[in-house]
2 protein chains.
Amino acid sequence: MSSLRDVAERANVAVSTVSAALNGTRPVAAATKRRIEQAAAELGYRPNVLARGLVSKRTRILALLFPTPHSGFGLTEMQFATGAAEAAAELGHHLLLSPESHDPVDALRHLTTLGLVDGVLLMEVRLDDERTAFLAANEIPFAMIGRTRRPDGISHADIDFAATAEAAVSHLAGLGHRTLAFFNHTPDAYAAQYGPTVRTGAEFASAARQAGLTYIDEFRADTAEEGRAAFDHLVAAHPGVTALAVISDQAAVGVIAAVAARGWSIPRDLTLLLVLSSGRVAEMFHPRLTTLEPPSAELGRLGVRMLIDRLASGGDAPPEQRLVPCRLVLGDSSGPPPADPRARGGRTSETTGARP
Amino acid sequence: MSSLRDVAERANVAVSTVSAALNGTRPVAAATKRRIEQAAAELGYRPNVLARGLVSKRTRILALLFPTPHSGFGLTEMQFATGAAEAAAELGHHLLLSPESHDPVDALRHLTTLGLVDGVLLMEVRLDDERTAFLAANEIPFAMIGRTRRPDGISHADIDFAATAEAAVSHLAGLGHRTLAFFNHTPDAYAAQYGPTVRTGAEFASAARQAGLTYIDEFRADTAEEGRAAFDHLVAAHPGVTALAVISDQAAVGVIAAVAARGWSIPRDLTLLLVLSSGRVAEMFHPRLTTLEPPSAELGRLGVRMLIDRLASGGDAPPEQRLVPCRLVLGDSSGPPPADPRARGGRTSETTGARP
DNA sequence: GCGGAGATGCGAAACGTTTCGCAAAACCGT
DNA sequence: ACGGTTTTGCGAAACGTTTCGCATCTCCGC
């Protein structure tokens, strides 16, 4: 590898001049500059990131902290990462993928005291996330994909849950539904104050109330079995329900099976909405599910951009915040409610019996 | 941040002694060592990775090169990455997530000339992958998840396609199937000599021949529509087919729809196998599909371990290679073939008519 | 008490940059 | 032709490590 000194010798100038010429740090006579650039090109010179970082205190490396799979890693998380990595590359930065051990704050401490990263990007943020306190206390630049309860001072990109819920509810209300149920993540996820769980739940409730709908919600494990059980329970307790939004892919599988077992059909007897799930997943269902698709890659990109902006400004710039709504992708699982919801139920035993 | 010098002052020794004591590079008297360690602990000293890397020429940073989504990124790729990141962390290394631009070799050159990474981990390897030539020519340590056509000299972890195909075929033959079809990825993926496409195809063919099965394969786009069309075409051309292996999730969706449209049922009329797809995906189908689940996370881990071993040995150690078979996860989509396959077809029009 | 071997610690150089004060050169108006 | 200003380039120091030759100190047998 050729160094700045090699270039300097070849161009007959001092090392510092080469540095200035190549970085534009201070004016260099046009002729000299051209000579230097040519020498650099001939030698295939590339600056050494470590040496540069050592003195300038900027490595242009960002860390993406990702927790050990909460409920199993999905496409959404993948898209955060790829979006972030792409944005970082475009902006001349590198992205470090840092798994969080059992102790997230400890992992953060280990990572940030090495002088390796300029800033940190947080994902899977909880409303009272302890990591933000650590980062703030140690004055480590960071941004969030997601947000805490009071994220005013912190740059973040998150889903616009209010707008998303509003879009979903008005879609359903527009079709004529009057009763809406919502299957959220597990009670554990809620207890952990995991942002999307809490916020989606709250905003759906609020939007439903606003629209004058009857609203039922339930927190269940993200498995097909639980989805099935939850659905049976739901219909028993609220026979008038005609629309259901589900946040977990796996639970949706159970719901669909339970619907079929009843002899019902989607969307004739039930409108099903998949919330916060990628289009690729929705396509795997039959019929194709109407989905509220999170802008995952975009959030990853935004997070990185914000973090870099913040670093560039030296922390003076005010924090930036963006809420992006999910995209409502119409599938074949939503339609008008049946005329008389209570008349749906009769076929249960026959149809279930027909299929082993 | 406290530096080596701070520790030295506090412990009343020279900087070089601290370095030796902390790294065990050379013997240091027990008493001195204890004093130094205590001083370091009190100051919360952590070595600066950049300074260390600058002189030692080892950064303990590995790069995971990931291509821009070939056919859309899936869970498999995510698991490579998380497995690799976790293994790296456990072994005291860091993992850089590097997207490949339009020109993979150029991206590699840019990345590797910065002095930032010790080695590179390649994924989505094609049989004649140009990246390996570049890396070998420039003597950059690397390992592959996947493998080229002749990977003898290169450390790699890959799926054991032969064992996988053998397991699948013997599962099917054991159930009594005599005719097997296989829907592979697109012709494009084959033309690009993408490893899994080529190898899975070849090994399935070979295993089927070995078992004396009639074998048909087809390359199609990874979409539900194509899956459906391919299936209709398959049954028309080969009415005796009773078992089908599909490599694409999306195509499987189409197949399932086409099967249903015919009035057939899985596994009664057709045994369906999902190949190289994660269990999470298989669970989203109904019935739950029998799957050959790739050991993605493990391959990621292995790749990292091999790369690190190689770096530690200074390149003297012989390359390591591991082939891991997919796990056959039994679902409810495989069973014995119907007694008379040709008698399946009659119900097509009626049943299709019944559902809009 | 002395010479030599081992053990122990020191100081300086090096890694490849950026930064900054300062000197030399060039240019200007008068 | 001359003082002052601007332009241009130089050299040295610094960033925080590792590495390595060398000095000192201790200990031992004779």
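In the text below, chain A, chain B and the rest are named by the order of the sequence lines, each starting its count at 1.
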Next item on the list: Apply the side-chain contact (heavy atoms from CB on, under 4.5 Å) test between A:E320 and each candidate in A:L307, A:D309, A:I154; give the one that qualifies.
Entry: A:D309
Next item on the list: Please name all residues satisfying side-chain contact (heavy atoms from CB on, under 4.5 Å) with A:A157, sequence neighbours left out, ordered by chain then number.
Entry: A:L299, A:L302, A:M306
Checklist line | Heavy-atom neighbours of B:R5 CZ exceed 12 at 6.0 Å | finding: no
Check: Are the side chain of B:T17 and the backbone of B:V13 linked by a donor-acceptor contact shorter than 3.5 Å?
Finding: no
Notebook entry, point to check: In residues 15-34 of chain A, which ones come under 4.0 Å of DNA chain C, going by heavy atoms?
Noted result: A:V15, A:S16, A:S19, A:N23, A:R26
Next item on the list: Assign A:R46 to base, sugar-phosphate, or nothing according to its heavy-atom contacts below 4.0 angstrom with the strands shown.
Entry: sugar-phosphate
Checklist line | Helical bend (five base pairs per end, nearest 10°) for the helix from C:dG1-D:dC30 to C:dT30-D:dA1 | finding: 40°
Next item on the list: Pick out which of A:V18, A:D6, A:I36, A:L22 makes a side-chain contact (heavy atoms from CB on, under 4.5 Å) with A:Y45.
Entry: A:L22
Note to self: Once salt bridge (charged side-chain N to carboxylate O under 4.0 Å, His left out) is applied, do any residues pair with A:R149, and if so which ones, sequence neighbours excluded?
What the structure shows: none
Note to self: For a quick test of reading the model, state the closest non-hydrogen atom pair linking B:R52 to B:P47 and the distance between them.
What the structure shows: NH2-CB, 3.4 Å
Notebook entry, point to check: B:D103: what forms a salt bridge (charged side-chain N to carboxylate O under 4.0 Å, His left out) with it, not counting sequence neighbours?
Noted result: none
Margin query: Does either side chain, that of A:H110 or that of B:R46, offer a donor lying less than 3.5 Å from an acceptor on the other one?
Written below: yes
Next item on the list: Answer yes if the side chains of B:D118 and B:T59 hold a donor-acceptor pair under 3.5 Å, and no otherwise.
Entry: yes
Item checked: Pairwise 5' ranking along DNA chain C for B:K57 and B:R35, keeping only the more 5' one -> B:R35
Next item on the list: Could you tell me from which nucleotide to which nucleotide of DNA chain C, 5' to 3', there is an atom under 4.0 Å from chain B heavy atoms?
Entry: C:dT8 to C:dG16
